[in-house]
2 protein chains.
Amino acid sequence: MTHPIGVIGGVGPHAGLLLVERILAATEARRDQDHLPVALLSYADRIPDRTAFLEGYAPINPAGPILDVAADLARLGVQVAGIPCNTAHAPAIFDQVVAGLPRRAPGLRLLHLIDEAVVFVAQRVPRARRIGLLATLGTYRSGIYDVRLEKAGLLPVIPDSEMQEARVHRAIYDPDYGIKAHPGPVTERAMGELSEAIDHLAARGAEAVILGCTELSVAFRDPGRSPLPLVDATTALARALVRETAPARLLPLA
Amino acid sequence: MTHPIGVIGGVGPHAGLLLVERILAATEARRDQDHLPVALLSYADRIPDRTAFLEGYAPINPAGPILDVAADLARLGVQVAGIPCNTAHAPAIFDQVVAGLPRRAPGLRLLHLIDEAVVFVAQRVPRARRIGLLATLGTYRSGIYDVRLEKAGLLPVIPDSEMQEARVHRAIYDPDYGIKAHPGPVTERAMGELSEAIDHLAARGAEAVILGCTELSVAFRDPGRSPLPLVDATTALARALVRETAPARLLPLA
């Protein structure tokens, strides 16, 4: 019996669903029974906001509750799992999760979303050198993408701080029009601000843009007419989870 | 801490995701942390096809593997769960699941999708009396909808057997164009055959149509321009799961 793929969900809840949808889409299957087993624990109520912790507005490290979910997944027999939240991969959170795994979730291995996203950039846009990034403040300031892109010989292109704070961050978090409060359908205002941010990255020389926040994967579920190719970190993680669980079942890239 | 809502998923895998999406949509929430916890175990590979069992083509009762999943959910602390598969509610399967719960999944209560769908009909189309049904052969032949609709004073309208077998069933199961093999996007041929079936039900006097197979909920995710109001059993189950878990958080019907 195949061990289920584990998803530490709820971060946010729509992002977790989208990750599982992308796992299904990445799997060779003609009938229900061909699909790989997936355990999604979408415990949004238990995991504090990651950016709020990194920015110092919330005292509790989300690593603790994430480890609780990982422990539940390990008890279900999960050996490979992912967290569909880019910001949770900032070292202040992710390193503490990884440190706790051997004791709390023995046998469970967490893939690294950002590592996989950067590998995916090379597959999707092999000729691009200047790579734009759309993400939360927590992700920008942690530098988790920059360090990996540079290591891969790529040049990170980020928005200026006005664009990050007044546009990208609010398109994700604003209680009145942001994606977290209005995920389906995403509001025109949020989409408009994200389009502005993509234009801004293009003007700064980006040849492609990483959707480096899983809420943005939800917003650009159907990529539509972006002026730049979009590389979706959620798809990268989904494909990596299939590859690590049943490599022969991974569909080739379209 | 709220007990997670349990979903016995994988039947089919997209239907399980849609159920969780509908749970999110039915919940009053402005930020991630407002959502109710959900545990989705999407173990499609372990649960044999329900219609194949009911029709005598497959020897193993899916009740056994469904109970295994219920047992896992109970260990996660789940007290209320649902199965997003109409056919699994045929007595030959469902009664055996319910009988095994006290021993295998103590403390876990399964809602009944068909009961909830029929209650939902009265809320959605209170004036309709003749209610059409789109479903699998397993669901049609088990009579699970008919008996409940009649008890509620409603008249079930089903397709003739040619339409059931040559259209509705194949739109769901055909390996070349059916929804299970091609869920995203659903093929034009499958949608065409389902539209034909809705016209056929309208011609037989139906005033509304129950989407009585969770694959059909996937196909009609955006109801589009159906000539008759569609009542979605997946939405009924989602709302019932929220109601039984946190009634104050259930959004009113739009």
Side-chain angles (χ1 to χ4, degrees), chain A residues 1-2 4-5 7 9-25 27 29-50 52 58 65 68-69 72-73 75-77 85 173-176 178 180-185 215 222 246, chain B residues 1-2 4-5 7 9-25 27 29-50 52 58 65 68-69 72-73 75-77 85 173-176 178 180-185 215 222 246:
Chain A
M1 205 149 67
T2 312
I5 292 173
V7 177
V11 289
H14 288 88
L17 289 178
L18 187 64
L19 175 63
V20 182
E21 196 181 300
R22 296 271 161 89
I23 290 170
L24 297 176
T27 308
R30 303 250 302 167
R31 27 165 232 149
D32 292 352
Q33 288 73 20
D34 296 337
H35 280 286
L36 300 171
V38 179
L40 164 69
L41 301 185
S42 182
Y43 295 172
D45 56 329
R46 304 183 190 175
I47 306 180
D49 189 75
R50 284 68 61 200
D68 293 339
V69 181
D72 274 353
L73 287 174
R75 279 190 288 273
L76 292 168
C85 171
Y173 279 98
D174 193 281
D176 292 323
K180 283 188 182 285
H182 300 277
E215 308 305 328
D222 304 307
Chain B
M1 206 149 65
T2 312
I5 293 173
V7 178
V11 289
H14 288 87
L17 289 178
L18 187 64
L19 176 62
V20 182
E21 195 180 301
R22 296 271 162 88
I23 290 170
L24 298 176
T27 308
R30 302 251 301 167
R31 25 164 235 150
D32 291 352
Q33 288 74 18
D34 295 337
H35 280 286
L36 300 171
V38 179
L40 164 68
L41 301 185
S42 181
Y43 295 173
D45 56 329
R46 305 183 189 176
I47 306 180
D49 189 75
R50 285 67 62 200
D68 293 339
V69 181
D72 274 353
L73 287 173
R75 278 190 288 272
L76 292 168
C85 170
Y173 279 98
D174 193 281
D176 292 323
K180 281 186 183 285
H182 300 278
E215 308 305 328
D222 305 306

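Chain letters run A, B, ... following the sequence lines, proteins first and then strands; every chain starts at 1.
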Measuring heavy-atom distances to chain A, does B/Leu36 have an atom under 4.5 Å in its side chain, in its backbone, in both, or in neither? backbone
Got A/Val69 and A/Arg46 here, is their nearest side-chain heavy-atom distance under 4.5 Å? no
Determine the option with the most heavy-atom pairs under 4.5 angstrom with chain A, choosing from B/Ser42, B/Gly178, B/Gly10. B/Ser42
Mark yes or no for whether B/Gln33, through its side chain, and A/Ile47, through its backbone, hold a donor-acceptor pair below 3.5 Å. yes
Residue part contacting chain B, namely of A/Ile5, when any heavy atom lies under 4.5 Å: neither
Minimum side-chain heavy-atom gap A/Tyr43-B/Pro4 below 4.5 Å: yes
Top contributor to chain B interface from A/Gly9, A/Pro175, A/Gly12 [non-hydrogen pairs under 4.5 Å]: A/Pro175
For chain B, which of A/His35, A/Arg30, A/His182 has the most heavy-atom pairs under 4.5 Å? A/Arg30
By side chain to side chain donor-acceptor pair (under 3.5 Å), which residues pair with B/Asp45, not counting sequence neighbours? none
For residues 17-25 of chain B, tabulate all N or O donor-acceptor pairs below 3.5 Å that involve a side-chain atom, not counting sequence neighbours.
| residue | atom | partner | partner atom | Å |
| --- | --- | --- | --- | --- |
| B/Glu21 | OE1 | B/Arg221 | NH1 | 3.0 |
| B/Glu21 | OE2 | B/Arg221 | NH1 | 3.1 |
| B/Arg22 | NH1 | B/Asp232 | OD2 | 2.8 |
| B/Arg22 | NH1 | B/Thr235 | OG1 | 2.9 |

Just so I understand: if I count every heavy-atom pair under 4.5 Å between each of B/Gly16, B/Ala44, B/Ala181 and chain A, which residue has the most? B/Ala44
Measuring from atom CG of A/Asp72 to atom CZ of B/Arg75, what distance do you get when rounded to the nearest 0.5 angstrom? 11.5 Å
B/Pro48, part contacting chain A, at a heavy-atom distance under 4.5 Å: backbone
